[in-house]
K.L.:
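I have a structure here, written as C-alpha cells, and I will follow up with some questions on it.
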Amino acid sequence: MPKVGIPRALLYYNYFPLWKVFFEELGAEVVLSGLTNKKILDDGVNCCVDDACLPMKVFHGHAVHLKDRVDYLFVPRLISVEKNEYICPKFCGLPDMVINSIEGLPKVIDCTINLRDGNKSLRKAVLEVGGLFTGSLSRIYNAYQKASAELADYERLMLNGATPLEALNGNGPPPADYQYSIGLIGHPYNIYDNYVSMSIIEKLRGRGINVLTQDMVCKEELDRIAEGFTKPMFWSFGKKIMAASSYLIDQRNVRGIIYLVAFGCGLDALVGDLVERRIRKKGVPFCMITIDEHTGEAGVDTRLEAFIDMLEWRDTQKCL
Ligand code: SF4
C-alpha cells in the first residue's frame, strides 16, 4: 500500500479530513507528521530560507519529519481557494521551496489548486492526483465525493465551537460553564497549532473564557459582512479575519479580540492594521500578539494575563 505523507502544518487545519479520506479511498495509507515540537521547528528553521515566516518554517520541519517514512509527500500548490480571491503567494511557491530546501525527498505531489476562475483546476488536480493511485475515473470521483462529505462534517463541528483537534476526533467543544467569550483570530495554522500558539485556546478556556474563532462563523455570514467593506478584500484569509472580528463583536458579544500574527507576515501586517482600526472604533479591547521561533512562552502569558485582567477590570467599572 503506497504511503502518502501529509505535514501537520499550514492548511492541514482546513483540509486534512478531505485529503485523508481522498487518499484512503484510493487505497493509500496516510501518514501524518507528529504534533509540532522543538525538534520539528528547529529542523524547519535549519532548512528553510531565513526570511520565511514562522508557519513556512514549521511546514518544512514537518516535511523533514515525514520524508523518510513515505512514498509520496503531499505539498499542493495553492493559489486560490475561493472564486475571485487569492491566498498568500508563499503558498504558490511552497512545493518549490520544499523541493529546493530539503534533500532526499520522496515524490512530491504538487498539484495546483486555483479556484479563482472556478472549479476547472480542482477537477484537473483531483484527476491528476487520483491517477497516481488508480486508473478508474469512477473510483476517483467517488473518493472525492466521500472526502468532501467528510470535510463538511468537520466544518460543521468547528461551527459548533470545536477546535480542529476536537473536530478531527468527531467531538464538539468540551462542555463547560464559561463566564464570557473572547474572539481569537489569525491564520488557522497559528491559532490551532498548540506549540506555535503556546496553547492559547487551552489557556483561555482554563480561565473560564469561551474562545470563538473565525472558523466558528458560517461562510454566508462572513460573505455578507465582507460585501459591506469599502473595497473588496481579495485575500481569502484577510477577508475571513476582518469579517469574523466584526461578526464576533456585533453578534456574539465578545468582550475582546486577540489577533495572533506571525512575525514577518506581510498579509498580517496589512490586515492587522485594518482590523485594529475597525475594532477600536467599536470600543472593544484588542490585543495583537506576534509570534516567531524566538518567542518565549512567559512573554505571551504575561500579555494574555494583562489583557484578561483589563477585560475583567472594565467589567467591574461598568457595574459601579
Ligand atoms: S499569510 Fe503570512 S503567515 Fe501565512 S504563509 Fe503567508 S506570510 Fe506566512
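Please read these numbers as outputs of a predicted model, since none were measured by experiment. For ligands, and for the atoms within them, numbers begin at 1 and follow the listed sequence.
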K.L.:
Check Arg280 with Glu276, please: is the shortest side-chain N to carboxylate O separation under 4.0 Å?
P.N.:
yes

K.L.:
Closer than 2.8 Å to atom 4 (Fe) of ligand 1, what protein N/O/S atoms do you find?
P.N.:
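The answer is Tyr189 OH.
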
K.L.:
So, for Tyr12 and Phe74, is the gap between ring centers shorter than 6.0 Å?
P.N.:
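Not under 6.0 Å, so no.
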
K.L.:
For the pair His187 and Phe237, name the ring-plane relationship: parallel under 30°, tilted 30 to 60°, perpendicular over 60°.
P.N.:
perpendicular

K.L.:
Using the test salt bridge (charged side-chain N to carboxylate O under 4.0 Å, His left out), find all partners of Lys83 that sit at least two apart in sequence or belong to another chain.
P.N.:
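Partners of Lys83 under the salt bridge (charged side-chain N to carboxylate O under 4.0 Å, His left out) test: none.
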
K.L.:
Do you know which of Arg278, Lys282, Arg224 makes salt bridge (charged side-chain N to carboxylate O under 4.0 Å, His left out) with Asp250?
P.N.:
Lys282

K.L.:
Using salt bridge (charged side-chain N to carboxylate O under 4.0 Å, His left out), reason through Arg205 and Glu166 one step at a time and then give a plain yes or no.
P.N.:
CA-CA 14 Å; Arg205 282 178 171 175; Glu166 289 156 356; 2.6 Å; yes

